[in-house]
Amino acid sequence: MAGISGTAGPAPAHTGPGTGSAGTGPASSGDSAAHAGKSVLGPEEIRRALSRIGHEILERTDGARDVVLLGIPTRGVPLARRLAARLDQTEGVRVPVGSLDITLYRDDLRLRPARTLGHTEVPGSGIDGMVVVLVDDVLYSGRTVRAALDALGDLGRPRAVQLAVLVDRGHRELPIRPDYVGKNLPTSKREAVRVLLTETDGEDSVTLQVSPEARR
Amino acid sequence: MNRHLISAADLSFDDAIAILDTAEELARLAERPIPKLPTLRGRTVVNLFYEDSTRTRISFEAAAKRLSADVINFSAKGSSVAKGESLKDTALTLQAMGADAVVIRHGSSGAPHRLARWVRGSVVNAGDGTHEHPTQALLDAFTMRRRLGRLDGLRVTIVGDILHSRVARSNVWLLRTLGAQVTLVAPPTLLPVAVDGWPCTVSYDFSSVLPDSDVVMMLRVQHERMSDAYFPSVREYSRRYGLDGDRMALLPDHAIVMHPGPMNRGVEIAADVADSARSTIVEQVTNGVSVRMAVLYLLLSGSRGPDEPALASEGDLVPAGERARSAAAAEAGR
Amino acid sequence: MSVASGPGTSRSDLRREQGRWLIRGARPLGGSPADILIEGGRIVAVTESGRDGGDGQAVRDGRDGRDGRDGGDGRDLDPGGQLTVLEAGHLIVLPGLVDLHTHLREPGREDAETVASGTAAAALGGYTAVHAMANTDPVADTAGVVEQVWRLGRQAGHCDVRPVGAVTAGLRGSQLAELGAMADSAARVRVFSDDGQCVSDATLMRRALEYVKAFDGVVAQHAQEPRLTAGAQLNEGVMSARLGLAGWPAVAEEAIIARDCLLAAHVGSAMHVCHVSTAGSVEIIRWAKSKGWRVTAEVTPHHLLLTDELAAGYDPVFKVNPPLRTAADVAALRAGLADGTIDCVATDHAPHPAESKETEWAQASFGMTGLETALRVVHEAMVSTGLLGWSGVADRMSVRPAAIGRIGALAGGPDATRHGCPIAPGSPANLVLYDPEPITPVDPAAQASRSHNTPFAGMKLPGQVIATFLRGTPTVLDGRLTG
């Protein structure tokens with residue numbers, strides 16, 4: 001079958017708006033060729049950024065009342081869980097957390113062979129009347145979030161939708177803006193942002209690299 | 001066979017698991033307030049059914065529509081086909097209409113193979129003669145995995161007219177690929193001469209294999225077979241190869257009973273067995289829609305290039321400028 | 001190969017004149033090069049070739065000592081008639097091939113083939129005589145129809161057409177056809193067959209075997225037990241089980257062959273087995289011959305080369321009756337042909353129009369064309385594998401089939417109508433010149449047959465027929481028809 005050659009495992013390191021690492025396909029997670037890249041955030045900075053985002057969520061949502069965190073696979077999911085854990089530990093607030101896969105709502109499906117679906121899990125509280133905070137690792141063109149909004153629309157009717165991202169690298173193509181940002185990172189389109197997280201890649205880091213031309 | 005799904009025998013382990021895992025995600029769709037996805041919007045799926053089969057056709061139709069594809073139903077009765085139009089001419093007509101996928105059910109083994117030579121879209125085999133019925137085997141495997149939690153090492157017993165059964169063939173190949181162990185049970189007249197070479201065991205004694213079965217799949221037996229002397233009477237067949245309450249009691253506690261439908265209650269399966277808690281017959285129908293959605297999604301959502309590896313969906317999408325560039329590269333590079 | 005001819009002669013002129021021909025340097029039966037002189041439709045001299053036109057041993061034919069060799073300008077003008085020289089260095093010469101089993105489809109199915117197009121294909125394949133099977137529409141079960149087919153063959157002039165008469169009226173298998181009338185007709189039928197159908201009724205088969213003794217006829221049986229093969233599509237075995245196609249078991253052929261060998265022995269008649277296809281059949285025939293019974297058998301080129309695995313894509317170009325079988329069967333058939341258990345190769349040339357083959361397998365017609373590829377396939381399957389030499393090919397593709405058809409060297413009747421004769425002075429000049437060297441793919445579009453259902457399409461096969469002579473007149477020259 002076209003394009004079903006088993007990429008069921010964890011996705012490759014995020015190098016940019018495209019998917020997959022430097023043109024070598026899914027298998028090469030975390031080992032892109034010569035460039036180690038410039039470090040943008042280390043583990044400590046990531047921790048602090050998430051901590052700050054957690055506080056901001058509490059402030060702006062009246063103590064995280066009626067909030068649901070939905071991570072966008074792949075790396076948005078562990079980030080959403082970390083946020084939920086932080087809110088629970090430091091503030092004693094239990095926020096439902098889940099995942100929202102947007103593959104089926106993408107606007108660029110036909111550019112590549114059929115993609116493996118990620119996992120969607122809406123917590124038992126549902127989303128009707130709730131404040132959904134979408135969580136993702138990098139915000140770039142905004143199309144992922146656009147797809148997520150469409151997906152949410154088919155799942156129910158939130159009272160409001162907000163967006164939390166670890167890194168905003170600019171170059172928006174749609175009128176989408178984040179509510180919570182870990183780091184604003186101006187980039188050029190020839191650069192790639194690589195996010196690694198312990199849960200998926202064994203380490204926490206955000207690096208900036210010059211992207212090879214075979215970026216996909 | 002990258003573009004098509006014609007034979008379960010052609011699915012690799014990875015292909016099959018990908019379909020089952022995708023179906024798993026899509027199955028949740030039914031629980032949503034709006035059980036519809038925009039994914040195949042703009043794609044046209046044609047149901048080309050030469051054999052009457054409301055159930056399978058509706059299943060494919062529901063699957064296509066839930067993915068927002070357009071569906072055209074083409075049944076043999078009362079159409080140009082009934083007037084003698086050849087399969088080739090029908091195929092060329094569908095091609096001219098812009099069918100992205102043709103789901104074909106036909107009475108002749110090999111009809112999907114022929115069709116695939118004349119259409120540019122994807123061909124999905126919904127049952128050809130006595131050859132294969134791959135989506136049935138996939139939904140059967142999906143059902144087994146859901147109910148019993150695994151497929152590897154599962155002991156599956158398939159009972160009935162194996163010789164003429166496309167469901168049996170597809171299941172034998174697919175289950176073997178997925179690591180299950182298959183036993184076929186039938187009177188010798190209803191087993192192919194070459195069955196010894198198939199990746200399964202054979203038994204003529206139904207009762208003896210039941211205690212070691214995790215799954216029992218009953219196949220429909222047609223009355224016409226009796227007139228060709230495959231077995232002397234329905235009564236004798238039912239007594240020796242039917243699944244009644246007594247036989248069901250021989251099964252291990254966790255074992256499930258399956259049937260592709262439609263059933264001959266009282267012949268191959270007793271009514272109380274069909275309605276028991278072990279029976280998966282109704283959920284097989286539901287699972288059929290999810291599995292067929294998965295098949296249509298995997299065949300139609302992406303680009304058309306047989307050798308491109310799949311990539312996981314990840315993070316933000318490609319900005320428009322990049323899209324145009326990579327689309328051009330995709331065109332040029334193929 | 002070159003043809004040097006006098007001024008003003010066209011190919012068709014060459015063809016129509018029964019002129020004088022000198023075939024120079026060809027190798028009869030693959031042996032040493034020889035020069036063959038043809039005159040008046042006969043071979044008049046066969047002389048061992050020297051190198052560079054030098055002296056060789058001349059075999060005199062009792063005439064005025066002229067042996068046809070020229071002094072150097074490529075032509076020898078003989079007041080007795082124009083001599084054409086054909087330089088045939090390294091070409092193999094065989095007696096003109098004789099096909100015991102061809103379907104010319106006329107009358108009735110002229111959309112698939114006609115006597116003219118079918119015999120043209122035959123000539124291009126090196127054949128000088130073909131036996132046209134009786135399952136036409138109307139069936140060839142009367143003197144009238146067989147004479148019509150015979151005449152059409154003469155008119156076309158590409159090769160001799162020997163009509164086969166049906167055994168039963170209308171091929172219905174219940175009543176004998178007028179076998180005597182057909183034997184006495186201008187077509188002089190000697191081979192009778194219901195091919196397409198099996199004469200399955202044992203009593204009827206017995207009667208037919210007895211009846212033809214009166215005129216030295218032979219019954220050619222299409223061995224297929226009808227009840228065991230109802231709806232059958234493909235050899236019953238691993239492939240049919242996997243592909244979900246109804247099986248055609250080997251026993252359905254073998255059981256009939258065994259029965260009919262015993263019947264023929266019992267009534268003291270001759271029986272010929274059409275298109276043997278299984279290893280078991282070969283064994284049964286070998287046993288029958290060991291008893292001295294008058295059983296002969298044929299095998300098709302496709303059964304010597306192809307197996308049922310080709311059906312995997314459901315392309316009906318591989319659908320044929322009897323079906324393609326397994327590699328073990330192919331091996332047994334080759335061994336049987338090599339040791340003479342199987343007497344001859346017969347094409348069972350079965351042309352079908354495109355729409356009969358461009359459809360689902362179960363709906364498609366059975367049959368493959370074969371006249372134009374037969375010699376090349378036998379070359380590939382038997383000569384290249386070392387199982388048979390060229391003299392063996394001559395025996396299996398010309399001498400024996402001619403004998404079985406009662407048109408061979410020892411047959412009665414005017415000897416001008418004989419085929420399968422030795423390449424020696426006195427024989428009718430029915431010859432084929434074959435170049436064994438080129439290896440080219442088979443191109444259905446380039447074939448003379450009206451139909452293109454060849455299973456060898458695109459396959460690389462050795463050899464090429466360069467010229468065919470029918471009683472001293474070339475029907476094919478330079479690989480092309482002359483008329």
Side-chain angles (χ1 to χ4, degrees), chain B residues 1 4 6-10 50-51 81 84-92 104 106-118 125 127-133 161-170 172-173 184 190-200 202 224 227-229, chain C residues 225-254 278 280 307-319 323-329 352-366 453 457-458:
Chain B
M1 287 289 162
H4 311 295
I6 294 182
S7 161
D10 294 335
Y50 284 82
E51 274 183 351
V81 166
E85 186 182 52
S86 72
L87 179 61
K88 180 178 184 183
D89 285 326
T90 304
L92 296 175
I104 175 171
H106 198 289
S108 293
S109 302
H113 287 79
R114 299 279 89 209
L115 186 69
R117 294 182 58 144
W118 300 316
N125 182 8
D128 65 326
T130 56
H131 174 228
E132 286 223 32
H133 193 353
D161 183 355
I162 308 294
L163 179 61
H164 300 100
S165 171
R166 54 195 176 207
V167 173
R169 281 180 179 76
S170 288
V172 168
W173 312 132
L184 300 177
L190 290 177
L191 288 163
V193 154
V195 75
D196 293 337
W198 284 12
C200 59
V202 171
E224 303 84 81
S227 60
D228 272 343
Chain C
E225 209 322 304
R227 287 269 291 158
L228 285 178
T229 54
Q233 300 292 332
L234 184 66
N235 176 47
E236 181 164 20
V238 172
M239 287 306 292
S240 70
R242 195 180 100 199
L243 297 178
L245 291 172
W248 200 128
V251 59
E253 172 174 306
E254 292 153 6
T278 84
T307 68
D308 60 358
E309 295 192 352
L310 289 166
Y314 294 95
D315 187 345
V317 80
F318 300 110
K319 180 174 176 178
L324 299 177
R325 306 237 189 226
T326 66
D329 295 305
H352 287 289
E355 60 272 13
S356 301
K357 287 291 199 176
E358 274 187 344
T359 178
E360 306 89 284
W361 183 281
Q363 267 67 57
S365 300
F366 290 89
N453 52 310

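Everything numeric in this text was worked out from a predicted model, so none of it was measured. So you know, we letter chains A, B, ... as the sequences are listed, proteins then strands, and number each from 1. Both backbone and side-chain heavy atoms feed into the values below; hydrogens, waters and symmetry mates do not.
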* Asked: Does a side chain donor of either B:S108 or C:Q363 reach within less than 3.5 Å of an acceptor in the other side chain?
  -> yes

* Asked: With a 4.5 angstrom heavy-atom cut-off, which part of B:R117 approaches chain C: side chain, backbone, both or neither?
  -> side chain

* Write down the atom of B:R114, the atom of C:D315, and the distance for their closest heavy-atom approach. => NH2-CA, 3.3 Å

* Asked: Do you know which two heavy atoms are closest between C:G244 and B:T130, and how far apart they sit?
  -> O-OG1, 2.6 Å

* Where does the angle between the aromatic ring planes of B:H131 and C:Y314 fall among parallel (under 30°), tilted (30 to 60°) and perpendicular (over 60°)? -> perpendicular

* Between C:A364 and chain B, which part of the residue has a heavy atom less than 4.5 Å away: side chain, backbone, both or neither? -> neither

* Other residues, nucleotides, ligands: >12 heavy atoms within 6.0 Å of C:E309 CD -> no

* Backbone N/O of C:L243 and side chain of B:R169: donor-acceptor pair under 3.5 Å -> no

* Trace of the side chain to side chain contact (heavy atoms under 4.5 Å, CB included) decision for B:S86 with C:T359 -> CA-CA 7 Å; B:S86 72; C:T359 178; 5.8 Å; no

* Steps toward side chain to side chain contact (heavy atoms under 4.5 Å, CB included) verdict (C:R242, B:W173) -> CA-CA 10 Å; C:R242 195 180 100 199; B:W173 312 132; 3.8 Å; yes

* Structure fact -> chain B shares the most heavy-atom pairs under 4.5 Å, among C:Q233, C:E236, C:E355, with C:E236

* **Which of C:A241, C:A230, C:A311 touches chain B most, by non-hydrogen pairs under 4.5 Å** => C:A241

